[in-house]
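These numbers were taken from a predicted model, which means no experiment stands behind them. Chain naming here is simple, since letters A, B, ... match the order of the sequence lines and numbering starts at 1 in each.
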There are 2 protein chains.
Amino acid sequence: MAEATEQADQITEPATESATEQGDSRRAQMLEAAAELIAERGLARTRIADVAARVGISPALVVYYFQTKEALLIAALRESETGFYASAEDLLRARRSLRDRVETLVELTFTEESKGEVQGQWGLWFDLWNEAFRHPEVAADRRALDEQWRGLIARIVRAGIEDGEVPADLDVETFAMTWAALLDGLSVQVALHDPVVTRARAEAIALDFARRELGLA
Amino acid sequence: MAEATEQADQITEPATESATEQGDSRRAQMLEAAAELIAERGLARTRIADVAARVGISPALVVYYFQTKEALLIAALRESETGFYASAEDLLRARRSLRDRVETLVELTFTEESKGEVQGQWGLWFDLWNEAFRHPEVAADRRALDEQWRGLIARIVRAGIEDGEVPADLDVETFAMTWAALLDGLSVQVALHDPVVTRARAEAIALDFARRELGLA
DNA sequence: CAAGGTCCTGACTGGCCGTTCAATCGGCCA
DNA sequence: TGGCCGATTGAACGGCCAGTCAGGACCTTG
């Protein structure tokens, strides 16, 4: 593990330098395939050969792009995670009112899989957490993303305050922290098909909490 | 289910235990070792040989007791999970007031590892969730345990209602569901060493929420 | 064209590890 | 005493799979 330049905050092309257009698209294909496979069968059961097969290339080529299996899987984890937040930002941009935005976030959180897109695949999250628990690099990454998630919540709440929809004395940071945690916790139950904490129930709880805290009758 | 209730026995390493009950104790030894190893390095990186080495036996013996690696690891996951809730019940039995009980639960949830005991090892949870996500047997087990956890919360709240500490019109089920999810979500952040959601912060949030909902000024 | 670069592959290997197996050891009982 | 049985082991087998390697196809560009 050479001490390569690690500071870049943007996760576009950290490890390999595949400068070519074709190279980049290959990379993307593999990352997507890997993410899918992780979501389906779990990181532990995802083989280089599987990824290669799904893309329709030889296993050796996968190694050619990502030197090691671990590098590939971690990159895939990062990528799809990033994608999730990116699409959250996108969705929010289209919503104007606080109510709409809150509902959008809830919906996004509990949607099994957004129309075939890789994002939001529950399986991915469990593996991400698991990996983050040990792999410090992944942990740092995850922390940053989560910070971003809470920041996003805080931002829309502050916008709500400015618009007079939310009382100005609300502790925005604490709300963001709490609500984010609540969403996470509920997600787990829903993902694991808890018979009591169904998706509908979870959404209701999450919405109710937000509305009460934010003073949206 | 259908398992004979393994009564409380070894809490840590049996110092005085020489050769009382070879059969069951061997099983227990292996399960404990397996749980430790899973917590330390993760289920995926736990080998039969590791478990054997920790117990001080040959790998073949591990297979002799648990026919397959998977069976061993899953059993270990179950066992330690069960232990967690069991000790929660124990702790609660000693507390009388609702306040104490709530605080006890919060403390239990966020304690990194209870003085060397296997329970509460964060790593275990991530692997449990991960496994539950695919392995239906584990999923069912986990669901039952979680039901038990929420039931436990509901029980102490109802006791609080009977004692007049909590307003009688509280929706106990919903509170239990919400609070349990909140605790889970916060746990994740704390386990992953989020710089913002520290253990102290998480405990404060969890306590605050419970107190407000339960009307404990 | 030759040179040199990128992309790509099939064939191979080396190690790891779950699992099997034949054999031993030590009680227990008739 | 001898035979049965559970516990235990060392050794070996065999599958699986990440990663290597030597080369080849296909593009540039001088």
Fill in: Per I48(B) side chain, nearest of listed nucleotides dT19(C), dC21(C), dG19(D)
dT19(C)

Item to complete: Measure from the side-chain heavy atoms of Y65(B) and tell me the nearest of dT9(C), dT9(D), dA7(D).
Response: dA7(D)

Worksheet, complete the sentence: Side-chain contact check for I57(B): nearest option of dT20(C), dT20(D), dT9(D) is dT9(D)

Discussion item. Taking 4.0 Å as the cut-off, does a side-chain nitrogen or oxygen of T68(A) come that near to OP1 or OP2 on dG19(D)?
Written reply: yes

Practice prompt. Could you check how far NZ of K69(B) sits from C1' of dC16(C), rounded to whole Å?
Written response: 11 Å

Worksheet entry | Under 3.5 Å: donor-acceptor pair, side chain of S87(A), backbone of F84(A) | yes

Practice prompt. Could you check R47(A) against V63(A) and say which one's nearest nucleotide on DNA chain D is further toward the 5' end?
Written response: R47(A)

Practice prompt. May I have the distance from R27(B) (atom CZ) to dG6(D) (atom P), rounded to whole angstrom?
Written response: 16 Å

Worksheet item: Counting just side-chain N and O atoms, does R26(B) come under 4.0 Å of either OP1 or OP2 of dT8(D)?
Response: yes

Practice prompt. Give a yes or no on whether a salt bridge exists between E32(A) and R27(A), defined as a side-chain N under 4.0 angstrom from a carboxylate O.
Written response: no

Worksheet item: Rounded to the Å, how far apart are D50(B) CG and dC17(C) P?
Response: 8 Å

Worksheet item: Any sub-3.5 Å donor-acceptor pair from R150(A)'s side-chain atoms to A176(A)'s backbone N or O?
Response: no

Item to complete: Kindly say if Y64(B) contacts the phosphate of dT8(D), meaning a side-chain N or O under 4.0 Å from OP1 or OP2.
Response: no

Discussion item. Distance alone, cut at 3.5 Å: any donor-acceptor contact between the side chains of R142(B) and Q189(A)?
Written reply: yes

Worksheet item: At under 4.0 Å between heavy atoms, what does L61(B) touch on the DNA or RNA strands: base, sugar-phosphate, or nothing?
Response: base

Practice prompt. Could you tell me the separation between the CZ atom of R45(A) and the C1' atom of dC16(D), rounded to a whole number of Å?
Written response: 15 Å

